[in-house]
Protein chains: 2
Amino acid sequence: MAKYSQIADEIRKRILAGRYAVDHALPDQGKLAAEFETSRITIKKAIELLVVEGLVYSRQGSGTYVRKNALEMSKLDSKMDEYVGVTHQLADRSTITSQILHFDVRFPTDIEAEKLMLTKTQPVYAIDRLRLLSGEPFLIEHTIMPVEVIPNITKEILLNSIYHYIKGELGLKFGGANQHIRADKPNELDQKYLKCAQDDPVLEIDQVVYLTDGVPFEYSQTRHRYDQGDILVVTINSV
Amino acid sequence: MAKYSQIADEIRKRILAGRYAVDHALPDQGKLAAEFETSRITIKKAIELLVVEGLVYSRQGSGTYVRKNALEMSKLDSKMDEYVGVTHQLADRSTITSQILHFDVRFPTDIEAEKLMLTKTQPVYAIDRLRLLSGEPFLIEHTIMPVEVIPNITKEILLNSIYHYIKGELGLKFGGANQHIRADKPNELDQKYLKCAQDDPVLEIDQVVYLTDGVPFEYSQTRHRYDQGDILVVTINSV
DNA sequence: GAGTGGTCTAGACCACTAG
DNA sequence: TAGTGGTCTAGACCACTCC
């Protein structure tokens with residue numbers, strides 16, 4: 001582990017423990033360099049990590065200060081989903097189960113081919129899953145994935161976590177996502193599987209998810225019951 | 001302007017112009033350092049900026065490559081709202097007008113005091129605005145702001161942009177936000193002002209917005225017509 | 001003017017990838 | 001084994017803040 005990363009860990013620990021008070025300046029970079037027996041550049045890099053996390057901010061000519069909301073930010077951080085930076089506020093993720101509504105392989109539609117950067121002759125998986133929290137349905141997921149990028153999907157994988165398979169078995173890394181979030185009226189599927197009433201709204205997330213190299217591997221629509229959790233977006237502006 | 005920032009601009013321009021092909025490696029850091037007549041550290045810092053933007057990714061021992069979705073990312077970037085990293089997909093922002101439904105000063109409720117880190121005796125502004133796009137209502141905004149942080153709000157300011165006032169007149173900088181997004185059934189106000197039917201869902205954003213130093217300056221609920229734009233969230237994972 | 005963070009350099013070594 | 005990116009150093013100068 002890099003030295004600057006260890007130093008960032010130590011400083012973070014001190015902030016959360018209250019040793020560096022909220023709204024007060026940290027020791028200057030020179031003093032920290034002396035304490036950690038390293039160069040000032042290394043200290044600066046450690047502090048940059050904390051700036052990006054939203055824990056501190058630096059003002060040239062003045063100092064580096066602990067943000068007033070440092071504790072809130074760190075609390076939210078721990079809730080963030082590891083793969084999208086967006087969390088569905090759930091009591092307990094371990095109680096999530098899946099039910100496969102549909103699973104086959106076919107050629108992509110025009111839109112699917114465009115979103116996934118495919119030609120019309122590169123096959124895709126088409127997957128519909130109902131996901132349940134403690135046995136109660138809370139979202140329907142319609143997912144398209146390129147066979148070429150994510151090969152050998154099985155029903156066993158679908159009953160567990162696709163992301164776990166991609167990260168664990170395939171060794172691929174998640175590189176980002178673009179999500180469009182909107183409210184909608186319930187359609188027949190929502191009413192049937194999510195047990196929505198006619199006037200129960202649904203929350204839809206339409207997203208494309210990319211690997212580190214920018215290759216798209218998932219184009220999906222997820223429809224949530226309106227009363228089952230919300231979406232959390234945390235933004236940090238370090239400019 | 002810092003040299004590394006200028007170099008990043010130039011490399012970004014080359015990528016978008018197609019001079020560095022998608023999915024191919026950039027010249028190595030040594031070659032770039034020679035070309036730009038600078039040190040390798042400075043080149044690395046420039047590349048780090050591009051990594052955070054989602055334009056390229058680096059693999060130790062191999063090289064720095066242009067992401068396959070580099071062009072998409074840069075398109076979305078230009079749509080991003082400057083203050084939250086979340087955009088309402090609007091045809092033309094310049095046609096937005098506001099109507100003040102309510103405006104007064106009072107003491108905060110318990111929840112407001114907690115969200116804004118205030119005591120119960122520090123006054124807040126309470127503002128309700130209806131916002132219209134080309135004359136058509138598309139969202140209702142309920143905003144609480146601490147008088148101490150954002151002083152001297154007037155009706156003139158409310159009819160234009162509060163953010164413009166905060167940035168321009170007060171010289172304060174936006175430092176981040178936490179947003180909860182959910183779908184909901186329309187309430188009386190939605191039906192009255194947004195002209196929602198009984199079964200038209202609304203998209204609600206509940207947010208706290210912070211200044212650079214972590215001081216919260218806005219706690220608000222925004223309710224959108226479900227057929228007027230969505231929310232765009234862009235996530236980039238550089239780890 | 002003193003003190004702070006921001007940038008930049010030249011050089012070194014390490015970790016990793018690929019042929 | 002050669003080539004790449006990642007880290008780190010010591011020292012320097014600049015830009016900015018605050019007294």
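Just so you know, these numbers come straight off a predicted model, no measurement behind them. So you know, we letter chains A, B, ... as the sequences are listed, proteins then strands, and number each from 1.
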Chemist: Please determine, for dG11(C), whether a Watson-Crick or G-U wobble partner exists with both distances under 3.5 Å, and give it or none.
Modeler: dC8(D)

Chemist: Whole angstroms only, please: what is the CD1-P distance between Ile47(B) and dT7(D)?
Modeler: 13 Å

Chemist: Looking only at non-hydrogen atoms, find the nearest pair between Ser58(B) and Val51(B) and report the distance.
Modeler: OG-CG2, 4.4 Å

Chemist: Does some side-chain heavy atom of Tyr165(B) sit less than 4.5 Å from a side-chain heavy atom of Asn160(B)?
Modeler: no

Chemist: So which one's nearest nucleotide on DNA chain D is more toward 5', Tyr65(A) or Ile41(A)?
Modeler: Ile41(A)

Chemist: dT9(D), dC18(D), dT9(C): which one has an atom nearest the side-chain heavy atoms of Ser39(B)?
Modeler: dT9(C)

Chemist: Figure out the NZ/C1' separation between Lys31(A) and dA2(C), and round it to whole Å.
Modeler: 12 Å

Chemist: Let me know the distance between OH of Tyr57(A) and C1' of dT17(D), rounded to the nearest Å.
Modeler: 13 Å

Chemist: Between Lys3(B) and dG6(C), is there a contact of a side-chain N or O with OP1 or OP2 at under 4.0 Å?
Modeler: no

Chemist: Without decimals, in angstroms, what is the distance between Ile43(B) CD1 and dG6(D) P?
Modeler: 13 Å

Chemist: Is there a side-chain contact between Ile205(B) and Ile181(B) in this structure, where contact means two heavy atoms from C-beta onward sitting under 4.5 Å apart?
Modeler: yes

Chemist: Round to the nearest Å and state the distance from Leu50(B) atom CG to dG5(D) atom P.
Modeler: 14 Å

Chemist: Can you confirm whether Phe217(B) sits close enough to Leu172(B) that some side-chain heavy atom of one is under 4.5 Å from a side-chain heavy atom of the other?
Modeler: no

Chemist: Please state whether the phosphate of dC8(D), meaning OP1 or OP2, lies under 4.0 angstrom from any side-chain nitrogen or oxygen of Lys45(A).
Modeler: no

Chemist: Between dT7(D), dT9(C), dA15(D), spot the one nearest the side chain of Gln60(A), thanks.
Modeler: dA15(D)

Chemist: Taking the minimum atom-to-atom distance to the side chain of Gln29(B), which one of dT9(C), dT9(D), dG5(D) wins?
Modeler: dG5(D)

Chemist: Between dA15(D), dT9(D), dA12(C), which nucleotide gets closest to the side-chain atoms of Arg40(B)?
Modeler: dA12(C)

Chemist: CD of Glu48(B) versus P of dC8(C): gap in Å, rounded?
Modeler: 13 Å

Chemist: Give the nucleotide from the list dT9(C), dT17(D), dA18(C) with an atom nearest to the side chain of Ser62(A).
Modeler: dT17(D)

Chemist: Does dT4(D) have its OP1 or OP2 closer than 4.0 Å to a side-chain nitrogen or oxygen of Ser58(B)?
Modeler: no

Chemist: Take atom CE of Met1(B) and atom P of dC8(C), then tell me their distance rounded to the nearest Å.
Modeler: 11 Å

Chemist: Does Tyr4(B) have a side-chain nitrogen or oxygen under 4.0 Å from the phosphate oxygens OP1 or OP2 of dC8(C)?
Modeler: no

Chemist: Indicate whether the side chain of Gln207(A) and that of Glu218(A) have a donor and an acceptor atom separated by less than 3.5 Å.
Modeler: yes

Chemist: Starting from the 5' end of DNA chain C, give me the residue, Lys44(A) or Arg59(B), whose nearest nucleotide shows up first.
Modeler: Lys44(A)

Chemist: What's the CD-P distance between Glu37(A) and dA10(D), to the nearest Å?
Modeler: 11 Å

Chemist: Between Glu10(A) and Lys13(A), is there a salt bridge with N-O shorter than 4.0 Å?
Modeler: yes

Chemist: Considering only side-chain heavy atoms of Ala2(B), which listed nucleotide, dT7(C), dA18(C), dC8(D), is closest?
Modeler: dT7(C)

